[in-house]
Amino acid sequence: MLAVTADGPRPADGVMLSGDGGVPVLWEIVGGDLELRRPRRASVPGGFSPYRFLHGRGLVWDGRLRDGRSFPDDDLLSRTVTKGLAPLRLAVTDRLDLLFPPGESRLLQSVLLGQRTEGIHALRNAYATVGLGHLFAVSGLHVGLVAGILFLLLRAFRAGRLVTLFALGLFLVVYILLVGMPGSSLRAGALLIMTAMAGWAGRAHDGLRTLGLLLWCWALAMPGALADSGLRLSFGAAAGIIVTLRL
């Protein structure tokens, strides 16, 4: 339960939630005792600012949920996605458990699906020590890898442009929903789908123009996201790759 005061949260305020237990399924309704606090600003000039980090994601509060529990939802779309994703995620994890030893299976579940499995924290710290901690955060890199594998398979079967566009779009939507719709994955998926649409339409494709169009759409939909360093890093890195390839 949450008591709303004059300076407390409003119904439309976004909250960065943390808590015990497993990660909720996307669009699942979770209830419990919620503790809220205002995010801190940078303690030193130029340092990390939790306030800016959350503001760029449209979030106003930093919250911790205690005794979280799921509740049924009457919304048709939410029920469909929630019931469809849970069995699919379980099927993928069961398949990984079947194909790989326990340690490698937990690693793949964390890298491919972003799952926080038991005993993965020590492994993440070890990877972070050698500068590879970013592999455990599902991002545009992961979307590009799985889309590249799918694209190679489609090309091996000589799929047409329309089939490629449909298969790539469907696969990316399901995969991004499966990993919880992080912003970097959304940006990478949208960029790949826009590129495939240009090929299907027979239009000349310019990577920088497509990237600029996507940034413009993102700014219109979420102006506050421009303050997010992750968004600037995503678009800056993508632009850098395109320019480097041209050079």
Side-chain angles (χ1 to χ4, degrees), residues 26 80-81 84-101 104-115 127 131-218 221 230-231 233-247:
L26 185 66
T80 303
V81 174
L85 288 179
L88 179 58
R89 182 184 287 268
L90 183 61
V92 173
T93 55
D94 287 346
R95 189 64 179 173
L96 291 175
D97 288 336
L98 182 64
L99 294 175
F100 298 95
E104 285 77 0
S105 176
R106 288 196 299 269
L107 174 62
L108 287 171
Q109 290 174 33
S110 180
V111 171
L112 293 177
L113 301 176
Q115 292 195 164
Y127 271 74
L132 296 174
H134 61 281
L135 292 177
F136 291 84
V138 177
S139 63
L141 171 66
H142 301 74
V143 174
L145 288 175
V146 295
I149 294 173
L150 176 63
F151 181 76
L152 289 176
L153 291 174
L154 291 171
R155 196 161 81 169
F157 286 99
R158 298 182 179 180
R161 289 181 175 179
L162 182 59
V163 174
T164 300
L165 173 61
F166 178 79
L168 186 66
L170 180 62
F171 178 81
L172 288 176
V173 168
V174 173
Y175 179 72
I176 291 170
L177 287 173
L178 197 62
V179 299
M181 294 178 64
S184 55
S185 298
L186 280 171
R187 291 188 283 271
L191 187 60
L192 287 170
I193 291 175
M194 290 169 68
T195 302
M197 289 179 64
W200 166 71
R203 301 293 298 271
H205 173 253
D206 185 285
L208 286 178
R209 290 185 178 181
T210 305
L211 193 65
L213 176 61
L214 181 59
L215 177 60
W216 179 68
C217 293
W218 208 277
L231 180 138
L233 179 61
S234 291
F235 281 99
I241 292 172
I242 295 171
V243 173
T244 301
L245 291 175
R246 290 183 178 182
L247 294 177

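Heads up: numbering here begins at 1 and tracks the sequence.
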Checklist entry - For Arg155, does the CZ atom sit with more than 12 other heavy atoms under 6.0 Å from it, leaving out its own atoms? => result no
Checklist outcome for this item: Taking every heavy atom of Leu211 against every heavy atom of Ala239, the minimum-distance pair comes out as CD2-N, 3.5 Å
Next on the checklist: Do Arg187 and Leu215 make a side-chain contact, defined as non-hydrogen atoms from C-beta onward lying under 4.5 Å apart?
Outcome noted: no
Checklist outcome for this item: Rounded to the nearest 0.5 Å, the CG atom of Leu191 sits from the CG atom of Leu172 at a distance of 10.5 Å
Checklist entry - Taking the side chain from Thr210 and the backbone from Asp206, do they hold a donor-acceptor pair closer than 3.5 Å? => result yes
Item to check | Matching residue for Val243 among Leu247, Leu245, Ile241 - test: side chain to side chain contact (heavy atoms under 4.5 Å, CB included) | outcome: Leu247
Checklist entry - Would you call Asp97 and Arg106 a salt bridge, taking side-chain N to carboxylate O under 4.0 Å as the test? => result no
Next on the checklist: Between Val179 and Val143, is the side chain to side chain contact (heavy atoms under 4.5 Å, CB included) condition met? List the steps.
Outcome noted: CA-CA 10 Å; Val179 299; Val143 174; over 6 Å; no
Checklist outcome for this item: So CH2 of Trp200 and CD1 of Ile193: to nearest 0.5 Å the spacing works out to 13.5 Å
Item to check | Full working for side chain to side chain contact (heavy atoms under 4.5 Å, CB included) between Leu96 and Glu104 | outcome: CA-CA 9 Å; Leu96 291 175; Glu104 285 77 0; over 6 Å; no
Item to check | Pair Leu108-Leu99, side chain to side chain contact (heavy atoms under 4.5 Å, CB included): steps then yes or no | outcome: CA-CA 11 Å; Leu108 287 171; Leu99 294 175; over 6 Å; no
Item to check | Phe151 atom CZ, over 12 foreign heavy atoms within 6.0 Å | outcome: no
Next on the checklist: Quick one, Arg89 with Asp94, criterion salt bridge (charged side-chain N to carboxylate O under 4.0 Å, His left out). Give me CA distance, side-chain angles, the key distance, then yes/no.
Outcome noted: CA-CA 9 Å; Arg89 182 184 287 268; Asp94 287 346; over 6 Å; no
Next on the checklist: Please give me the minimum heavy-atom distance between Thr164 and Ala159, naming the atom from each residue.
Outcome noted: OG1-O, 3.7 Å
Next on the checklist: Between Val163 and Phe157, is there a side-chain heavy-atom distance shorter than 4.5 Å?
Outcome noted: no
Checklist entry - Could you state the interatomic distance from CZ (Arg95) to CZ (Phe100), rounded to the nearest 0.5 Å? => result 10.0 Å
Next on the checklist: As an exercise, state the distance from CG of Leu98 to OG1 of Thr93, rounded to the nearest 0.5 Å.
Outcome noted: 11.5 Å
Next on the checklist: How long is the straight-line distance from CG of Leu150 back to OH of Tyr175, given to the nearest 0.5 Å?
Outcome noted: 12.5 Å
Checklist entry - Atom CD1 of Ile176 and atom NE2 of His142: how far apart are they, to the nearest 0.5 Å? => result 13.0 Å
Checklist entry - Should the heavy atoms of other residues, nucleotides or ligands under 6.0 Å from CE of Met194 be counted, would the total exceed 12? => result yes
